[in-house]
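This report refers to the structure that appears directly beneath it.
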Amino acid sequence: MWLYLAVLVGLYLLLRWYWEGQTVENLREKYVFITGCDSGFGNKLAKQLDAQGLQVLAACFTQEGAEELERLTSDRLKVTILDVTSTESVKAATEWVKGIVGSKGLWGLVNNAGIGLPTAPNGWLTKDDFANVINVNLLGLIDVTLHMLPLVRAARGRVVNVSSCSGRVSIIGGGYNPSKYGVEAFSDSLRRELLPFRVRVSIIEPGAFANAMADIIQENMKVTWDRTPSDIKDAYGEQYFEFYCKTLQDLIKNSNPNLYLVTDCMEHALTSRYPRTRYSAGWDAKLFYIPLSYMPTFVADYVLALFFPKPAQAV
């Protein structure tokens with residue numbers, strides 16, 4: 001029995017390897033628009049696709065980021081400035097893309113732009129703290145998608161949305177987790193809506209990776225704690241704050257520096273004839289976060305509680 005099962009699993013893996021290994025034709029003629037290209041995943045993906053000959057349209061938040069990306073890539077790659085929280089900026093970027101792609105349409109839309117701060121226990125934060133993150137990670141992503149969608153439909157192309165394992169398992173407070181849960185929900189509804197148009201929607205769910213966002217989490221935590229009202233500080237306690245900071249520090253320290261594990265997933269979603277619906281990137285995603293998301297709630301709560309201390313006034 002076990003032999004038959006092993007053979008079936010082997011045949012399945014072989015079939016999937018063959019199926020997913022088939023690539024789209026005429027890739028060098030395809031246009032791909034990527035948001036958040038100043039640094040991190042977006043910056044690396046833009047360079048990666050440019051090196052493979054695709055027509056990359058990169059959106060950066062800053063002029064400095066745009067100039068640096070242009071300097072390090074070929075003349076094919078074109079850059080624009082985009083603030084995903086501004087509808088006027090999104091409209092301008094859409095017109096810019098439309099003027100370049102023409103009747104070919106837009107083959108790939110990669111919604112990568114995102115922020116993670118402020119991150120802290122929810123009780124230390126304000127509504128505006130949540131709104132700042134959600135406006136970029138979710139509402140900005142939706143706004144860009146809605147404006148670019150006619151161009152993607154014209155090319156029967158792809159939408160690739162960068163979510164996170166935090167869109168499956170909520171570990172820390174702040175707007176990052178809710179925004180990524182929203183990305184998952186929006187992507188699911190969008191995928192089902194666009195199937196009749198032969199447009200594919202993929203979700204990228206990275207684990208913990210070293211990036212610019214991770215580098216400033218520690219500093220932001222101190223600022224958030226300092227402004228927290230004294231009664232809330234008393235409820236949690238200084239020891240809780242120090243341990244919480246150390247936990248985040250350890251998470252950052254152990255983050256995977258190999259960004260290509262994520263950008264390879266993005267590339268496959270854009271170039272494979274049969275892209276996956278979801279891509280998990282990183283061993284922590286595959287072996288911890290994703291399995292934990294399928295566990296009973298009380299099991300997940302117990303496991304995650306092991307990583308954090310009890311507040312000073314816990315009962």
Side-chain angles (χ1 to χ4, degrees), residues 23-115 136-137 140-162 199-202 204 211-213 259-260 262-272 275:
T23 57
V24 174
E25 297 178 351
N26 303 319
L27 280 173
R28 290 176 176 269
E29 299 176 11
K30 308 291 187 185
Y31 288 93
V32 177
F33 180 74
I34 310 167
T35 67
C37 292
D38 296 78
S39 61
F41 302 138
N43 185 274
K44 184 165 180 58
L45 179 65
K47 295 173 183 175
Q48 190 169 318
L49 296 182
D50 178 60
Q52 300 207 18
L54 276 75
Q55 307 291 324
V56 178
L57 307 177
C60 292
F61 182 62
T62 66
Q63 187 62 42
E64 293 80 4
E67 291 173 358
E68 179 67 8
L69 183 59
E70 283 184 314
R71 186 180 68 81
L72 297 174
T73 52
S74 75
D75 293 339
R76 281 190 314 275
L77 185 141
K78 296 178 174 57
V79 186
T80 190
I81 303 299
L82 172 64
D83 176 0
V84 298
T85 66
S86 165
T87 296
E88 290 305 312
S89 181
V90 173
K91 286 180 179 178
T94 304
E95 291 302 315
W96 177 77
V97 171
K98 189 183 300 184
I100 295 172
V101 304
S103 60
K104 286 186 176 181
L106 182 63
W107 171 255
L109 167 61
V110 182
N111 283 305
N112 166 76
I115 61 174
V136 176
N137 294 2
L141 178 149
I142 291 173
D143 201 16
V144 171
T145 302
L146 296 181
H147 279 85
M148 297 284 181
L149 213 47
L151 300 176
V152 179
R153 281 202 307 266
R156 294 179 180 175
R158 309 282 171 84
V159 177
V160 180
N161 290 333
V162 180
V199 171
R200 306 294 294 269
V201 178
S202 295
I204 312 295
N211 55 44
M213 184 172 69
L259 302 189
Y260 70 86
V262 178
T263 57
D264 283 354
C265 292
M266 296 174 171
E267 180 183 335
H268 187 272
L270 292 166
T271 61
S272 173

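In what follows, every heavy atom counts, from backbone to side chain, and hydrogens, waters and symmetry copies are set aside.
With Thr35 contributing its side chain and Ala113 its backbone, the two residues share a donor-acceptor pair below 3.5 Å. The backbone N or O of Pro275 lies less than 3.5 Å from a partner atom in the side chain of Arg200, making a donor-acceptor pair. For the pair Gln55 (side chain) and Arg28 (backbone), a donor-acceptor distance under 3.5 Å is present. Without hydrogens or angle criteria, Thr263 side chain to Leu45 main chain gives no donor-acceptor distance under 3.5 Å.
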Please lay out, stage by stage, how Lys104 and Glu29 fare under the test side-chain contact (heavy atoms from CB on, under 4.5 Å).
CA-CA 9 Å; Lys104 286 186 176 181; Glu29 299 176 11; 4.2 Å; yes
Glu267 vs Gln52, test: side-chain contact (heavy atoms from CB on, under 4.5 Å). Steps then yes/no.
CA-CA 10 Å; Glu267 180 183 335; Gln52 300 207 18; 2.8 Å; yes
Between Val32 and Leu57, does the side-chain contact (heavy atoms from CB on, under 4.5 Å) criterion hold? Intermediate values first, please.
CA-CA 6 Å; Val32 177; Leu57 307 177; over 6 Å; no
Pair Lys47-Asn43, side chain to side chain donor-acceptor pair (under 3.5 Å): steps then yes or no:
CA-CA 6 Å; Lys47 295 173 183 175; Asn43 185 274; 2.9 Å; yes
Could you please spell out the steps behind the side-chain contact (heavy atoms from CB on, under 4.5 Å) verdict for Trp107 and Val101?
CA-CA 9 Å; Trp107 171 255; Val101 304; over 6 Å; no
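In this view, Asp50 and Arg76 satisfy the salt bridge (Lys or Arg N to Asp or Glu O under 4.0 Å) rule, not counting sequence neighbours. Residues forming a side-chain contact (heavy atoms from CB on, under 4.5 Å) with Glu88 (at least two apart in sequence, or on another chain): Ser86, Lys91. Evaluation of the ring-ring contact (aromatic ring centres under 6.0 Å, His included) rule for His147 yields no partner, not counting sequence neighbours.
Atom OH of Tyr31 sits in a crowded spot, with more than 12 heavy atoms from other residues, nucleotides or ligands closer than 6.0 Å.
Across all their heavy atoms, Thr271 and Arg158 have their closest contact at N-NH1, 4.3 Å. Thr62 and Asp38 get closest at one heavy-atom pair: OG1-OD2, 2.7 Å. Nearest heavy-atom pair, Cys37 versus Leu69, reported as atom, atom and distance to 0.1 Å: CB-CD2, 3.9 Å. Nearest heavy-atom pair across Gly105 and Ala154 is CA-CB, 4.2 Å. In terms of heavy-atom proximity, Val90 sits nearest to Val84 at CG2-O, 4.0 Å.
Separation of atoms SG (Cys60) and CG (Asp83) is listed at 13.0 Å; rounding is to 0.5 Å. How far OG of Ser202 is from CG of Leu270: 8.0 Å, rounded to the nearest 0.5 Å. Note that the CH2 atom of Trp96 and the CD1 atom of Ile81 stand 9.5 Å from one another [nearest 0.5 Å]. Separation of atoms OG1 (Thr80) and CD (Glu95) is listed at 12.0 Å; rounding is to 0.5 Å. Atom NZ in Lys44 sits 13.0 Å away from atom CG in Asn112 (nearest 0.5 Å). For the atom pair CG (Leu77) and CG (Leu49), the distance works out to 9.5 Å, reported to the nearest 0.5 Å.
Of the residues listed (Asn111, Val162, Leu146), the one engaging Leu141 in a side-chain contact (heavy atoms from CB on, under 4.5 Å) is Asn111, and it is the only one.
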